[in-house]
Amino acid sequence: QVQLVESGGGLVQAGGSLRLSCAASGRTFSRYAMGWFRQAPGKEREFVAAISTSGSLAYYADSVKGRFTISGDNAKNTIYLQMNSLEPEDTAVYYCAASAYYYTGSDVNRYDDWGQGTQVTVSS
């Protein structure tokens with residue numbers, strides 16, 4: 001099991017940027033594929049981005065492609081989500097997730113450990 005703690009959320013105007021961080025502790029971080037999900041009020045949790053264990057492969061939801069970038073630093077046991085050109089539709093609680101089986105897809109049930117989430121609010 002790995003413990004995950006997100007940070008970096010906040011209130012930003014449309015067109016602005018935020019960088020989310022997810023710090024991991026517990027089992028060897030570099031053996032996990034990692035993902036970011038988000039959940040808006042009244043909606044299901046949805047996939048945002050994922051990164052492979054090596055950090056060489058990244059995957060994005062169509063809605064964020066070209067605006068968001070996922071990256072990782074194994075030395076710091078941390079992954080990041082750089083969010084640019086934010087839109088009001090990006091408002092949600094953002095969650096970091098870890099997959100012990102190298103899964104980098106969009107199925108929430110395939111991720112083993114989750115953080116508590118960080119709120120991102122984009123005003124118009």
Side-chain angles (χ1 to χ4, degrees):
Q1 187 177 12
V2 62
Q3 291 75 45
L4 305 171
V5 178
E6 303 95 336
S7 61
L11 173 64
V12 64
Q13 288 188 332
S17 299
L18 282 175
R19 188 176 82 153
L20 305 184
S21 300
C22 172
S25 61
R27 291 188 176 178
T28 306
F29 175 73
S30 61
R31 296 180 181 176
Y32 286 77
M34 302 294 294
W36 285 99
F37 288 75
R38 66 187 182 186
Q39 188 166 18
K43 295 187 177 181
E44 294 186 351
R45 193 168 297 189
E46 66 173 4
F47 172 78
V48 175
I51 190 167
S52 63
T53 52
S54 66
S56 61
L57 298 174
Y59 306 88
Y60 298 93
D62 289 342
S63 59
V64 306
K65 202 170 293 183
R67 301 188 297 123
F68 290 11
T69 302
I70 188 171
S71 62
D73 186 337
N74 284 346
K76 295 183 178 180
N77 286 354
T78 301
I79 65 164
Y80 305 96
L81 185 68
Q82 177 66 44
M83 305 186 295
N84 299 328
S85 302
L86 283 161
E87 304 167 353
E89 293 73 23
D90 296 317
T91 295
V93 177
Y94 283 70
Y95 297 91
C96 172
S99 167
Y101 297 94
Y102 316 121
Y103 179 70
T104 51
S106 61
D107 186 346
V108 297
N109 296 311
R110 298 283 299 273
Y111 288 83
D112 304 290
D113 300 297
W114 293 83
Q116 83 291 347
T118 185
Q119 177 71 47
V120 171
T121 303
V122 184
S123 63
S124 57

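When a residue number appears, it is its place in the shown sequence, counting from 1.
Ring to ring, W114 and F37 are close: their centroids are under 6.0 angstrom apart.
To the nearest 0.5 Å, the span separating OG1 on T53 from CG on N74 amounts to 8.5 Å. Note that CD1 of I70 and CD of Q82 are 12.5 Å apart. Values are rounded to the nearest 0.5 Å. Taken from CZ in F68 to OG in S63, the straight-line distance is 7.5 Å, to the nearest 0.5 Å. For the atom pair F47 CZ and D107 CG, the distance stands at 11.0 Å (nearest 0.5 Å). A distance of 7.5 Å separates CD in Q119 from OG1 in T91, rounded to the nearest 0.5 Å. Going from atom OG of S99 over to atom CG of D112 covers 5.5 Å, rounded to the nearest 0.5 Å.
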Query raised in the report: side chain to side chain contact (heavy atoms under 4.5 Å, CB included) between V5 and Q116: does it pass, once the steps are laid out?
Result: CA-CA 7 Å; V5 178; Q116 83 291 347; 4.3 Å; yes

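Of all heavy-atom pairs spanning A92 and A40, the tightest one is CB-N, 3.8 Å. Taking all atoms of both residues into account, the shortest heavy-atom contact from S21 to W36 is O-CH2, 3.7 Å. Between T104 and A33, the shortest heavy-atom contact is CG2-CB, 3.6 Å. Closest heavy-atom contact between S17 and N84: OG-OD1, 2.9 Å. Taking all atoms of both residues into account, the shortest heavy-atom contact from I51 to G72 is CD1-N, 3.9 Å. Closest of all the heavy-atom pairs between L4 and A24 is CD2-CB, 3.7 Å.
Linking Ile, Leu, Val, Met, Phe, Trp and Tyr residues whenever their side-chain heavy atoms come within less than 4.5 Å places V64 and V12 in a single cluster. Residues L18 and V93 fall into different hydrophobic clusters, defined by Ile, Leu, Val, Met, Phe, Trp and Tyr side chains chained together at heavy-atom separations under 4.5 Å. Under the 4.5 Å side-chain contact rule for hydrophobic residues, M83 and Y80 do not share a cluster. No continuous path of hydrophobic side-chain contacts links Y94 to V108 [ILVMFWY only; heavy atoms under 4.5 Å]. Under the 4.5 Å side-chain contact rule for hydrophobic residues, Y103 and V2 do not share a cluster.
The closest donor-acceptor contact from the side chain of S56 to the backbone of S54 lies at 3.5 Å or more, if one exists at all. With hydrogens and angles disregarded, a donor-acceptor distance shorter than 3.5 Å links the side chain of E6 to the backbone of G117. Y111 places a side-chain N or O within 3.5 Å of a backbone atom of G105 that can act as its donor or acceptor partner.
For the pair S106/Y59, no side-chain contact is recorded, criterion being any heavy-atom separation below 4.5 Å from C-beta on. In this structure the side chain of Q39 reaches within 4.5 angstrom of the side chain of Y95, judged on heavy atoms.
Counting heavy-atom neighbours within 6.0 Å of Q13 CD, excluding the residue itself, gives a total of 12 or less.
Applying the salt bridge (Lys or Arg N to Asp or Glu O under 4.0 Å) definition to pairs two or more places apart or across chains, those involving residues 32-58 are R38-E46, R38-D90.
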